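Some notes on the structure that comes next.
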Amino acid sequence: MEWLTSLGNAVQNPATYIDALTLGSIYALIAVGYTMVYGIIKLINFAHGEIIMLGTYIGLLAVNTLNVPIVLAILIAMLACAAIGAILDWTAYLPLRRSLPKAEILSIIGLVGGAALLIAYFTTGEAGDSMATAHRLVLGFLAVVLLMLLVSTLADLLGWFGSPRNNVKSDRLAALITAIGMSLCLQTMAHLLWSAKYESFPTAAAKIFDSKLIAQTTEGLVFRWNPFGPPLIDAVPVLLWKELVTWVAMLVLMIVLLVIVQRTKIGKAMRACALDQQTAWLMGINVNHVIAFTFMIGSAMAAVAGILYSVKVGGNIYPRMGYYPGVIAFAAAVLGGIGTIKGAVLGGLIIGFTEAFGGAVAQQYDKAFAFGLMVIFILFRPWGILGRKEAKRA
Amino acid sequence: MTGDAILSTESLSIQFGGLQAVNNVNLGVHRGGITSLIGPNGAGKTTVFNMVTGIYRPTAGRILFCRQQGGPPANITNMPVHKVCRLGIARTFQNIRLFTDMPVLENVKVGLHARTSSSVFGAVATLPGTVREEVDVEAAALHYLDFVGLMHSANDLADNLAYGDQRRLEIGRALATHPGLLLLDEPAAGMNPQETEALMELIGKIRATGISVFLIEHDVQLVMKISDYVYVVDHGELIAEGRPEEVQNDPKVIEAYLGVDEPAP
Amino acid sequence: MLRVLAVVLQVRWWAKGGWFKRLVHLLPIALILAAPLLIEPDTSLGSVAMDIMLKVGVFIILALGLNVVVGYLGLLELGYVTFMATGALIATLGMMTVKTGTGWVLPAHTDYLPQGEFMFDFPGGYLVLILIAGLFCGLLGVLRGIPTLRLTGDYYAIVTLGLAEISYLIYRNEAWLSGGANGLRLSHPANDLTPKLFGETLYYDNWMLYYLVVAVIFLTIFAMFRLQQSRIGRAWAAIRIDETAARACGINVAWSKIVGFGISGFFGGVGGALLCVTSSTLSVNELDVWQSIIVLCAVVLGGMGSIRGVLLGTAILISVGEFLRQDIGGVRVPPEARYLVYGLMLLLLMRFRPQGLIPRAPAGHPPSAEEEEEMRRRQTPLYVLGENP
């Protein structure tokens, strides 16, 4: 049994556990975004993976252009992604929850304007124009349409078209398809903006993360508390700084989140919306604000996770980078029990361990183990480990 | 109750979590008669219907259904919903559950599903047997629509029907499954007096064909007028049964509906 | 009786419609059949047109198959690519199966020089392969469908996605089966394996392939129309709208769904088998989950559950996508622009026209007054009220 041997080796090797824990922490951070959004609007936000990707690119841009340390880059990416999360909700999902008949006009102007731009370019453009121009124009078209979709929603929110009607209909299938569409749009946008090539954080910036915290030398285990000291060259790394940072970041952020959800006013509003949106409206809660806030929090977490993920893997920044961690983190959210933060952490860790140990057995199939676990759970225990089974009373 | 029962339950009970929604209910539905189940809101009436049709699984007790007079009774406890229907129990729902996007006629055709048998292959290959059956289905559906008096709106979407007509359509769809027993869950809810009158006429017509009717209703006038036998439930338990006029004067029933005066201290 | 037949066969427009209406229906069919006379595949424009038409054709079959689950059963299927890949793999491997001294051999190496007698090298052998691919995928659909019977909405979508990812990983990693990242090539320089049908090579410049695809499309459309109007079609519609009420009407929901999954898988396999021929290469690497999403886009654009809608949606979506791959006036649009179109389209559609370009008609066509009379006179055993007729 060859695979049993490799599993045995993995079980005896502490590196597997460290890897599993790191991976699990990253999945937990992503899963929180899914679980909170799903808890409130019952939507699998497929575009969440793209938020991870955008957050990582923003972090990379901050490091490359502003020369900020990577920790600050994470903060910048969190803020930017929080904004993107809210914009995502306003552009894509809010219009599905409300009836915005007149706002359509603005969106159609956007579509026609963008199309006119494209046609004008392609009819007058000379042969041999550079690829880059075409990229920019296609991107411009996308930007114009998305912007007008956003503006039309905002205009409606501000009451330009008279008083808005809330929660007229919510078709979950439509929202899910919109999420897939948004995912495609954001991916394409990143592709056009930054091209499909793999990128990574510059070694100088990621140096702190890559330095060893615990290493195995000929004299035994060595602890190096100062990441800025001279590198341990001949030592075998046992624990790297980035791994510790990932664990700590996950723990701290989860505690902060739990405090927000359990102890603050907005947290109480979030819990109310998760139980019954109609009643929450009647109690004076602006549900749309709460949902936007949820998207912001989840997206900020995704930004952290994205940067830590690319630091962990070492590179791996490309437009489709968010897809796999995104879907697998959704699996984690389901596993732990969707709608609960603790469940997301538990599920993330379980999936992390599954993937790490599964990968030790069959390297090519590490993701398949995670997907398989998700499928089994959805089929047999869809409410997850920590979730509660809904009473089956019609 | 005495006489020949088409449906009978034996100490039927169900629990939801810690709540005993229905407790130890024994009742029987007269063959060829109209039997009613009344009781205050939340007494467990619809739950009984849901157990009979297999939507809920009772935690204890048995349900027996005997379609042929004198035939062996079938134990339908825990039977899948569609099998219960095929044995001959059809129902309507408290909150009307029509196939809203479909035309009225198609709704009735769905009711004929259980009685037809054409296969997928037959449909794709357009075998003569299938074609004949499809024509029969259309003809029969029109007959049923005629029976419930909706012939004029066969081509409308079910969603666009008036409320009373939606109720009638639901009854028509249930009749199309060829039931021996028809369960009606508050058929007169939300109807005006004229519509209720027409509904009573329809229920009488159904009874005349030999179909037994089991009825949940809030409109006590209606129940008293058309029922042969009445059961009263409160808090999941049977508190009275008998002929309408007997039940009407039962102190327990009056208490359940009106509450009881506390004696002055 | 003729009228009754018209009801059943869904050709009432033919029986009742005027000449103009008949023309509207016949013209596209005539154009499609006459396309070989109008397009010359030797010219560059002609070959591009041919390529696009074939791809649209194959995707129409795929989209109609997906429509069974997405449109009729109302479940969001994201793992359709499994059937495409499996069907394509079966057809490709079937073409490569050769009889050697040791028996039948499945050579899955790109550098393999097949020698000997080919298993499906008889007239119509390719048709048999398509059928095998379809039946196998139908079985796969049934097997995959059984555990997912209880799921609805998002959970069905994510489970199909997860299963599709697993099958994608398997196909990509097991190079002995699928050629792995290199894929399998049907047109080998040393020994051309391009499938033949009645002596004609099925290649994109050959009209035999075109007519094969057209024939399969017509059969598919006919089958879909018949299914939609039949007993099972009504059961599907009932399940989609209200599952509990459907059960209470005596519909065996589990069985009806399984049948739907099987049919959907069948057409996925058939489409996949045709797909590998139109490109004369099979690269499972390219058949990732986004391919299912493209087919889904086509269905959503046209209108879920509407056959005409799916035809129109696929024609628009795939031809626009393929068109964007070509040089336009010397300027090449970036290839990702396709995905931009798909993504934006989903976004705008769901916001402004969630029912699609041609929404589904209410199931069935209720009869006219005269037909009604005819029907009322008809005695049918299905009309029996009460216990003792």
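These numbers come from a predicted model, not from an experiment. To find a chain, count down the sequence lines: A is the first, B the second, and so on, and within it residues start at 1.
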B:Thr53 versus chain C, the contacting section by heavy-atom distance below 4.5 Å: neither
Taken to the nearest 0.5 Å, the spacing of C:Tyr383 OH from B:Arg115 CZ works out to 10.0 Å
Region of B:Val104 in contact with chain C, defined by heavy-atom distances below 4.5 Å: neither
Considering only NZ, NE, NH1 and NH2 on the basic side and carboxylate oxygens on the acidic side, decide whether B:Glu134 and C:Arg234 come within less than 4.0 Å. no
CD of B:Glu106 to CD of C:Gln229, rounded to nearest 0.5 Å, is 7.0 Å
Please assess B:Thr126 against C:Arg226 for the test side chain to side chain contact (heavy atoms under 4.5 Å, CB included), listing each intermediate value before the final yes or no. CA-CA 8 Å; B:Thr126 324; C:Arg226 292 292 302 133; 3.4 Å; yes
Hey, which of B:Val84, B:Thr100, B:Val137, B:Thr177 has the most heavy atom pairs under 4.5 Å with chain C? B:Val137
Starting at CD1 of B:Ile96, measure out to CG of C:Asp242 and round the result to the nearest 0.5 Å. 12.0 Å
Under 3.5 Å, is there a donor-acceptor pair between the B:Ser118 and C:Arg231 side chains? no
Can you say whether B:Arg207 sits under 4.5 Å from chain C via the side chain, the backbone, both, or neither, judging by heavy atoms? neither
Relative to chain C, which segment of B:Arg91 carries a heavy atom at a distance below 4.5 Å: side chain, backbone, both, or neither? side chain
For B:Asn107, is it the side chain, the backbone, both or neither that has a heavy atom under 4.5 Å from a heavy atom of chain C? neither
Least distance between heavy atoms, C:Ala245 atom then B:Arg173 atom: CB-NH2, 4.0 Å
Under 4.5 Å from any heavy atom of chain C - which part of B:Ser117: backbone
For the candidates B:Asp146, B:Leu112, B:Leu182, which exhibits the highest count of non-hydrogen atom pairs separated by less than 4.5 Å from chain C? B:Asp146
Dump the intermediate steps for side chain to side chain contact (heavy atoms under 4.5 Å, CB included) on B:Asp101 and C:Arg240, then the final yes or no. CA-CA 10 Å; B:Asp101 285 1; C:Arg240 173 172 52 80; 4.1 Å; yes
Counting heavy-atom pairs under 4.5 Å with chain C, which one of B:Leu175, B:Thr92, B:Thr116, B:Ile89 comes out on top? B:Thr116
Nearest 0.5 Å please: distance from the CD1 atom of C:Ile241 over to the CZ atom of B:Arg97. 12.5 Å
Which heavy atom of B:Cys85 sits nearest a heavy atom of C:Cys249, and at what distance? SG-C, 3.5 Å
Does B:Arg57, at its CZ atom, have more than 12 non-hydrogen atoms belonging to other residues, nucleotides or ligands within less than 6.0 Å? no
Do you know which of B:Ser119, B:Ala140, B:Gly32, B:Ala114 has the most heavy-atom pairs with chain C at a distance under 4.5 angstrom? B:Ala140
More than 12 non-hydrogen atoms from neighbouring residues, nucleotides or ligands closer than 6.0 Å to CZ on B:Phe147, yes or no? yes
First locate atom CZ of B:Arg86, then atom CD1 of C:Ile251, and finally report the distance between them rounded to the nearest 0.5 Å. 8.5 Å
Under 6.0 Å from the CD atom of B:Gln15, do we count more than 12 heavy atoms belonging to anything else shown? yes
Given heavy-atom pairs under 4.5 angstrom as the criterion, report whether the side chain, backbone, both or neither of B:Phe93 touches chain C. side chain
Measuring heavy-atom distances to chain B, does C:Ile263 have an atom under 4.5 Å in its side chain, in its backbone, in both, or in neither? side chain
Contact origin within B:Leu98 toward chain C - heavy atom pairs under 4.5 Å: backbone
Nearest heavy-atom pair of B:Met102 and C:Ala238: which atoms, and what distance? CE-N, 3.5 Å
